[in-house]
Novice: 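Sending over a structure as structure tokens; questions will come in a sec.
These numbers come from a predicted model, not from an experiment.
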Amino acid sequence: MTAGRRFGEIVVHDGEPKGRRVVEGREYPVFDELLRFEASDLPTFTVMVNAGGAADVEALVELFLAEDYGAEPASSFELLCACCSEGTLERRRTTHGGAQQVSLAAPEEEARRLLEQWVAGTRMGRAWSGLTLVG
């Protein structure tokens, strides 16, 4: 979830790829956004999570995706300069354990329920706090 954007929004672009990302063998074209066509109804939150390892963070992401919601850990986000963003970049998906911020897209009650389900899914090492609505 990019800053200023919400999960599930529909944006308009000119159709000309400005770059490409290859992640785990799958290629994605990258476009310049012209405007937002349709806003998302899903609110966006941030939350601090503590996860024992990368697999714990991946489990959280999968839990939200299985419900057609979104979750993106800060450890998987990478900023690129303009020059690098216009080329073809091959990257491995990386997620880290430990304490970090995660962006979530879900109704608040659902976000809380899924976070509690995630914590209950292990004996120890998972916790969350500070669920905050993003303006």
Novice: Provide the closest heavy-atom pair for Y69 versus P107 in the form atom of the first, atom of the second, distance.
Specialist: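 Result for this residue pair: CE2-CD, 3.5 Å.
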
Novice: For the hydrophobic clusters of this structure (ILVMFWY residues joined by side-chain heavy atoms under 4.5 Å, transitively), does one cluster hold both V11 and V30?
Specialist: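 Cluster IDs for V11 and V30 differ.
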
Novice: Test side chain to side chain contact (heavy atoms under 4.5 Å, CB included) on L114 and L60; report intermediate values, then the result.
Specialist: CA-CA 8 Å; L114 291 170; L60 177 62; 5.9 Å; no

Novice: For a quick test of reading the model, state the closest non-hydrogen atom pair linking G15 to P17 and the distance between them.
Specialist: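 Closest approach of G15 to P17: O-CD, 3.3 Å.
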
Novice: Are any non-hydrogen side-chain atoms of R126 and V49 less than 4.5 angstrom apart?
Specialist: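 No, side chains not in contact.
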
Novice: State, to 0.1 Å, how close M48 and A99 come at their nearest heavy-atom pair, and which atoms those are.
Specialist: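 Shortest heavy-atom contact: CE-C, 4.4 Å.
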
Novice: List the atom of A106, the atom of L42, and the distance in Å for their closest heavy-atom pair.
Specialist: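 So the minimum-distance heavy-atom pair works out to CA-CD2, 4.0 Å.
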
Novice: Can you tell if the side chain of V61 reaches within under 4.5 Å of the side chain of P73, non-hydrogen atoms only?
Specialist: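 Side chain of V61 against side chain of P73, heavy atoms only: contact under 4.5 Å found.
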
Novice: Could you grab the distance from atom CG of D32 to atom NZ of K18, nearest 0.5 Å is fine?
Specialist: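 These two atoms lie 5.0 Å from each other.
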
Novice: The test is side chain to side chain contact (heavy atoms under 4.5 Å, CB included); show your working for E33 and V12 and say whether it passes.
Specialist: CA-CA 6 Å; E33 176 185 326; V12 176; over 6 Å; no

Novice: Compare all side-chain heavy atoms of L34 with those of D14 and state whether any distance is below 4.5 angstrom.
Specialist: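 Yes; the side chains approach each other to less than 4.5 Å.
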
Novice: Return the minimal non-hydrogen interatomic distance between V57 and A51, and the atom names on each side.
Specialist: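 Minimum heavy-atom contact is CG2-CB, 3.5 Å.
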
Novice: Just how far is it from atom NE2 of H13 to atom CG of L35, taken to the nearest 0.5 Å?
Specialist: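 The CG atom of L35 is 11.0 Å from NE2 of H13, to the nearest 0.5 Å.
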
Novice: What distance separates N50 CG from M124 CE, expressed to the nearest 0.5 Å?
Specialist: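 Atom-to-atom, N50:CG and M124:CE are 10.5 Å apart.
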
Novice: Measure the spacing between CZ of R112 and CD of E110 and express it to the nearest 0.5 Å.
Specialist: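 The distance works out to 12.5 Å.
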
Novice: Can you give me the closest heavy-atom contact between L133 and P43, atom names plus distance?
Specialist: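 Of all heavy-atom pairs spanning L133 and P43, the closest is CD1-CB, 3.8 Å.
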
Novice: Roughly how far apart are Q101 CD and F45 CZ, rounded to 0.5 Å?
Specialist: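 One finds 13.5 Å between CD of Q101 and CZ of F45.
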
Novice: Roughly how far, to the nearest 0.5 Å, is the CG atom of L115 from the CG atom of L63?
Specialist: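 These two atoms lie 8.5 Å from each other.
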
Novice: Any donor and acceptor pair, going by atom type alone, linking the side chain of W118 with main-chain N or O of W128 inside 3.5 Å?
Specialist: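 No: the side chain of W118 does not pair with the backbone of W128.
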
